[in-house]
There are 2 protein chains.
Amino acid sequence: MPTIKDIARIAGISVTTVSRALNHYSDVSAKTKKRVFDIAKEIGYVPNRSAQNLVKRKNNTLAIILSGLERKGGKDNIVYQLLSGMYSYAESVNYEVVLFTTSSAHQKEKTYIQFCKEHNIGGAVLNGIRIDDPYFHELVNSDLPCVLIDVLAEGGNTSSVTIDNIEAAKDAVAYLITQNHRTIGMINGRKEADVSIQRYKGYIKALKQHHITIDEDKIIYADFDEVKAYEKTKSLLRRYPEITALFCASDMMAIGAMRAIKDINLRIPQDISIVGFDNIPLSEYTTPPLTTIDQDFYKRGAEAAKQLLKMIQQEKVEKNIFLEHKLLARHSVHML
Amino acid sequence: MPTIKDIARIAGISVTTVSRALNHYSDVSAKTKKRVFDIAKEIGYVPNRSAQNLVKRKNNTLAIILSGLERKGGKDNIVYQLLSGMYSYAESVNYEVVLFTTSSAHQKEKTYIQFCKEHNIGGAVLNGIRIDDPYFHELVNSDLPCVLIDVLAEGGNTSSVTIDNIEAAKDAVAYLITQNHRTIGMINGRKEADVSIQRYKGYIKALKQHHITIDEDKIIYADFDEVKAYEKTKSLLRRYPEITALFCASDMMAIGAMRAIKDINLRIPQDISIVGFDNIPLSEYTTPPLTTIDQDFYKRGAEAAKQLLKMIQQEKVEKNIFLEHKLLARHSVHML
DNA sequence: TACACTTACCGAAACGTTTTGGATAATGCG
DNA sequence: CGCATTATCCAAAACGTTTCGGTAAGTGTA
């Protein structure tokens with residue numbers, strides 16, 4: 001592999017000058033500069049990133065730390081879109097993205113910080129990390145810039161990009177109420193998850209605003225899991241046949257719920273109306289197409305990368321960025 | 001950031017010994033070794049990957065070069081699954097994965113080889129690369145180990161992991177024939193794509209085996225695109241109302257076709273039977289659920305990584321690995 | 001006791017860059 | 001002409017690690 005030394009030797013100049021030529025410094029004549037580039041091209045010179053990073057003590061690399069890159073995890077496409085958005089922004093500013101998963105971290109007993117420092121990484125975007133993960137706190141409390149997806153930023157050098165989950169959930173439930181539903185169950189995610197808490201609040205808020213009594217028993221937690229949602233919905237609907245509508249904290253759970261509804265011989269939306277959350281690609285193809293809360297994960301990823309870059313460059317940033325959401329009325333809700 | 005020098009200083013030993021202790025060499029006493037690790041932990045030492053890579057002249061990194069990581073590209077989940085499988089294998093053998101996209105390559109005028117060499121990458125997995133991409137040939141003809149997804153390997157230091165696309169397509173079409181279909185259209189992908197060619201061959205083969213006359217006009221090319229498939233299917237079915245079944249070279253196109261069928265007021269499967277290809281998550285949720293050819297992209301990714309690693313370690317490998325496929329009969333095919 | 005081994009350690013070079021702090025020669029200006 | 005300025009270039013140090021080729025002390029053996 002040719003190096004700048006080779007170029008220097010061939011051109012009969014110093015490595016300093018070669019380096020400066022390659023980096024477009026102004027103190028090298030146009031002639032030598034051209035010479036250097038010609039030789040570089042001819043001998044197939046490619047800069048060695050490791051050497052560059054070593055001396056520059058930085059990397060132009062962003063990390064994305066994901067809770068799951070698992071076999072069956074990608075059905076909702078969220079991680080993909082996040083990644084895609086993040087990647088596209090990073091690329092536009094000449095940064096690279098490297099992945100790290102929580103599972104591999106714990107398996108190798110390597111904390112997120114260790115990973116980032118080892119790779120000289122400028123900052124990290126975190127998605128789907130459990131707030132009871134000790135590595136998570138270590139990272140967030142460090143000085144490394146972090147941007148969190150979907151959980152509000154607290155201390156440290158962190159910020160977040162989310163949507164207003166309370167408002168979004170409220171919109172969803174309010175919509176059901178305008179369609180004259182009064183007995184609305186909720187399929188929530190994990191009790192500990194930030195988004196679950198927010199969406200719960202939104203659900204409550206909507207009911208309160210319309211003076212509907214709240215029944216905590218009609219709220220179930222299905223771990224954002226399709227199969228669990230299927231099972232728990234079945235028993236929920238059996239227990240409370242008066243329920244006419246369901247608000248689900250994720251589309252995947254909504255899909256599980258839809259199957260449950262059909263399996264106990266109820267019709268969607270005539271017997272049970274249902275609204276999801278996320279607007280994943282799948283939601284458009286269910287029968288009937290799912291009414292849901294649209295949020296743009298691609299944009300979220302891009303925005304997170306943008307935010308992270310600002311933080312790395314020590315610019316002032318808002319602590320929490322809220323992106324838009326909107327209710328997407330398809331055909332899974334029926335007016336009573 | 002603490003370095004091994006700091007450890008050496010604190011422990012009162014040489015950096016050589018620290019390095020050798022950290023790397024579990026046998027010529028350092030148990031006592032000093034423990035000392036080194038204790039100090040490392042205490043001062044929060046993290047090895048600098050750039051420095052390591054520089055001196056070791058390698059990286060423990062695999063590249064995956066993708067044609068698309070685009071906003072709307074991920075609907076079929078294939079890239080995600082590939083990535084996920086590849087990542088999981090790489091992780092298990094302590095390798096890392098870095099992404100590179102063809103679009104960013106061309107935009108930055110940086111060839112795939114350049115990218116790989118710059119990053120000291122051991123080898124690359126390529127997915128969805130067009131065979132008329134000049135960078136592709138440059139890479140494949142280089143000495144860098146490459147494994148291709150879905151296109152047979154030719155010269156150079158390359159191998160491939162695919163399924164037997166001819167056989168798979170034949171299975172799909174033969175299945176339609178056993179259900180007494182005799183006028184079967186085909187929605188194929190891109191004319192130039194290797195898989196399209198193979199699947200075309202399989203389609204022909206099945207028809208010939210059952211002595212059905214072939215009508216090239218009933219084969220259309222929709223670029224693996226849902227919308228194009230929608231439009232082209234519409235006109236195909238209008239032109240040839242005698243068609244009773246469609247074989248699609250991808251599920252995404254099948255989904256577009258299904259919408260077209262419904263939009264011209266035909267029923268699936270009673271009027272038109274349809275079989276797809278890929279078994280993407282979506283295919284399970286369409287109405288009716290899509291009969292398709294199942295292939296395991298997660299496994300494909302893992303297998304590709306495995307293969308690549310062998311090549312990097314100079315082990316002998318088979319040129320082309322064929323993974324299993326199977327016909328998944330759901331409900332989009334009707335017996336005549 | 002003399003010798004060969006083994007064990008535990010170390011100095012210095014190397015990896016390929018960038019950067020610092022000049023040096024040298026040419027040019028402009030009064 | 002002398003001085004300051006500018007345009008080019010360069011030597012050497014630095015980044016953090018691994019590795020090569022040792023050395024010195026301790027151990028076992030004849």
Side-chain angles (χ1 to χ4, degrees), chain A residues 1-40 43-61 94 96 114-122, chain B residues 1-40 43-61 94 96 114-122:
Chain A
M1 286 277 284
T3 71
I4 52 171
K5 283 184 191 170
D6 297 311
I7 301 181
R9 194 172 27 76
I10 296 171
I13 57 178
S14 74
V15 294
T16 305
T17 306
V18 176
S19 172
R20 297 179 79 84
L22 256 13
N23 290 293
H24 304 285
Y25 276 64
S26 60
D27 67 348
V28 19
S29 70
K31 200 173 55 178
T32 27
K33 186 166 166 180
K34 179 172 179 343
R35 186 101 207 286
V36 165
F37 275 94
D38 287 349
I39 296 175
I43 66 176
Y45 167 75
V46 169
N48 181 313
R49 274 289 229 280
S50 300
Q52 290 179 323
N53 293 336
L54 178 58
V55 57
K56 291 212 209 158
R57 273 184 290 302
K58 68 159 183 168
N59 230 344
N60 280 26
T61 303
N94 250 297
E96 271 157 27
Q114 273 176 24
F115 174 79
C116 291
K117 298 222 157 157
E118 212 171 297
H119 289 258
N120 263 330
I121 276 166
Chain B
M1 285 276 286
T3 71
I4 53 171
K5 283 184 191 167
D6 298 311
I7 301 181
R9 193 172 29 75
I10 295 171
I13 56 178
S14 74
V15 295
T16 306
T17 306
V18 175
S19 171
R20 298 178 81 82
L22 255 14
N23 290 293
H24 304 285
Y25 276 62
S26 60
D27 67 348
V28 20
S29 70
K31 200 172 55 180
T32 26
K33 187 167 165 180
K34 179 170 179 345
R35 186 97 207 287
V36 166
F37 274 93
D38 287 348
I39 296 175
I43 65 176
Y45 167 75
V46 169
N48 181 313
R49 274 289 230 277
S50 300
Q52 289 180 324
N53 293 335
L54 177 59
V55 56
K56 293 213 210 156
R57 273 183 290 301
K58 67 160 185 169
N59 231 343
N60 281 25
T61 303
N94 250 295
E96 270 157 30
Q114 272 175 24
F115 174 80
C116 290
K117 298 222 158 155
E118 212 171 297
H119 289 258
N120 264 330
I121 275 166

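Chain letters run A, B, ... following the sequence lines, proteins first and then strands; every chain starts at 1. None of the values given here were measured: they were computed from a predicted structure.
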Colleague: Any donor-acceptor pair under 3.5 Å linking the side chain of B/Asn59 with the backbone of B/Thr61?
Modeller: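 Here the side-chain-to-backbone pair does not exist.
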Colleague: With respect to the side chain of A/Thr3, which nucleotide from D/dG16, D/dT18, C/dG16 is positioned closest?
Modeller: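 So the nucleotide nearest the side chain must be C/dG16.
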Colleague: For B/Lys58 and D/dT19, give me the distance from atom NZ to atom P, rounded to whole Å.
Modeller: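 These atoms are roughly 10 Å apart.
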Colleague: Provide, to the nearest angstrom, the distance between the NE2 atom belonging to B/His119 and the P atom belonging to C/dC15.
Modeller: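 Computing the B/His119:NE2 to C/dC15:P distance gives 22 Å.
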Colleague: Could you check whether any side-chain heavy atom of A/Val46 comes within less than 4.5 Å of a side-chain heavy atom of B/Phe115, counting everything from C-beta outward?
Modeller: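 No, too far: nothing below the 4.5 Å cut-off.
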Colleague: Which whole-number value in Å describes the distance from B/Lys5 NZ to C/dC10 C1'?
Modeller: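 Nearest whole value for this atom pair: 15 Å.
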Colleague: So, do B/Ser14 and B/Thr17 sit near enough that their side-chain heavy atoms are less than 4.5 Å apart?
Modeller: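 Contact flag for B/Ser14/B/Thr17 side chains = yes.
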Colleague: For the helix from C/dT1-D/dA30 to C/dG30-D/dC1, what angle lies between the axis at the first five pairs and the axis at the last five pairs, to 10 degrees?
Modeller: 40°
Colleague: Rounded to whole Å, how long is the line connecting atom CD1 of B/Ile4 with atom P of C/dC9?
Modeller: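 It works out to 16 Å between those atoms.
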Colleague: Could you tell me the separation between the CD1 atom of A/Ile39 and the OG1 atom of A/Thr32, rounded to the nearest 0.5 Å?
Modeller: 10.5 Å
Colleague: Whole angstrom is fine here: how far is it from CZ in B/Arg57 over to P in D/dC20?
Modeller: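 Rounded to whole Å, this separation is 10 Å.
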Colleague: Sequence neighbours left out, what passes ring pair (Phe, Tyr, Trp, His ring centres under 6.0 Å) with A/Phe37? Give chain and number order.
Modeller: A/His24
Colleague: Nearest-Å distance, CD1 (A/Ile7) to P (C/dG16)?
Modeller: 13 Å
Colleague: For A/Val55 and B/Val55, find the nucleotide of DNA chain C closest to each by heavy atoms; which residue's nucleotide sits nearer the 5' end?
Modeller: B/Val55
Colleague: May I ask you to evaluate whether B/Gln52 reaches the phosphate of D/dG16, defined as a side-chain N or O under 4.0 Å from OP1 or OP2?
Modeller: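 Checking B/Gln52 against D/dG16: no side-chain N or O falls below 4.0 Å of OP1 or OP2.
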Colleague: Taking the side chain as every heavy atom from C-beta outward, state whether A/Tyr45 and B/Gln114 have any atom pair closer than 4.5 Å.
Modeller: no
Colleague: Name every donor-acceptor pair, under 3.5 Å, that has one atom in a side chain of residues 4-13 of chain A and the other anywhere in the protein, sequence neighbours excluded.
Modeller:
{"unit_1": "A/Asp6", "atom_1": "OD1", "unit_2": "A/Arg9", "atom_2": "NH2", "d": "2.8"}
{"unit_1": "A/Asp6", "atom_1": "OD2", "unit_2": "A/Thr3", "atom_2": "N", "d": "2.8"}

Colleague: Return the residues of residues 32-40 of chain B meeting this criterion: a heavy atom under 4.0 Å from some atom of DNA chain C. Order them by number, or give none.
Modeller: B/Thr32
Colleague: Mind calculating the distance between NZ (B/Lys117) and P (C/dG16) to the nearest angstrom?
Modeller: 13 Å
Colleague: Is there side-chain contact between A/Pro47 and A/Leu22, with heavy atoms separated by less than 4.5 Å?
Modeller: no
Colleague: Does any N or O in the side chain of A/Asn48 come within less than 3.5 Å of the main-chain N or O of A/Ser50, such that one atom is a donor and the other an acceptor?
Modeller: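 Pair found, side chain donor or acceptor close to backbone of A/Ser50.
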Colleague: Pairs in or reaching into residues 22-32 of chain A: which pass salt bridge (charged side-chain N to carboxylate O under 4.0 Å, His left out), with residues at least two apart or in two chains?
Modeller: A/Arg20-A/Asp27
Colleague: Using a strict heavy-atom distance below 4.0 Å, which residues from residues 14-29 of chain B are in contact with DNA chain C?
Modeller: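 When residues 14-29 of chain B is checked for heavy atoms under 4.0 Å from DNA chain C, the hits, listed by number, are B/Ser14, B/Thr16, B/Thr17, B/Asp27, B/Val28, B/Ser29.
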Colleague: How many Å lie between CG on A/Leu54 and C1' on D/dT18, as a whole number?
Modeller: 13 Å
Colleague: Apply side chain to side chain donor-acceptor pair (under 3.5 Å) to B/Ser19 and B/Thr16, showing your working.
Modeller: CA-CA 5 Å; B/Ser19 171; B/Thr16 306; over 6 Å; no
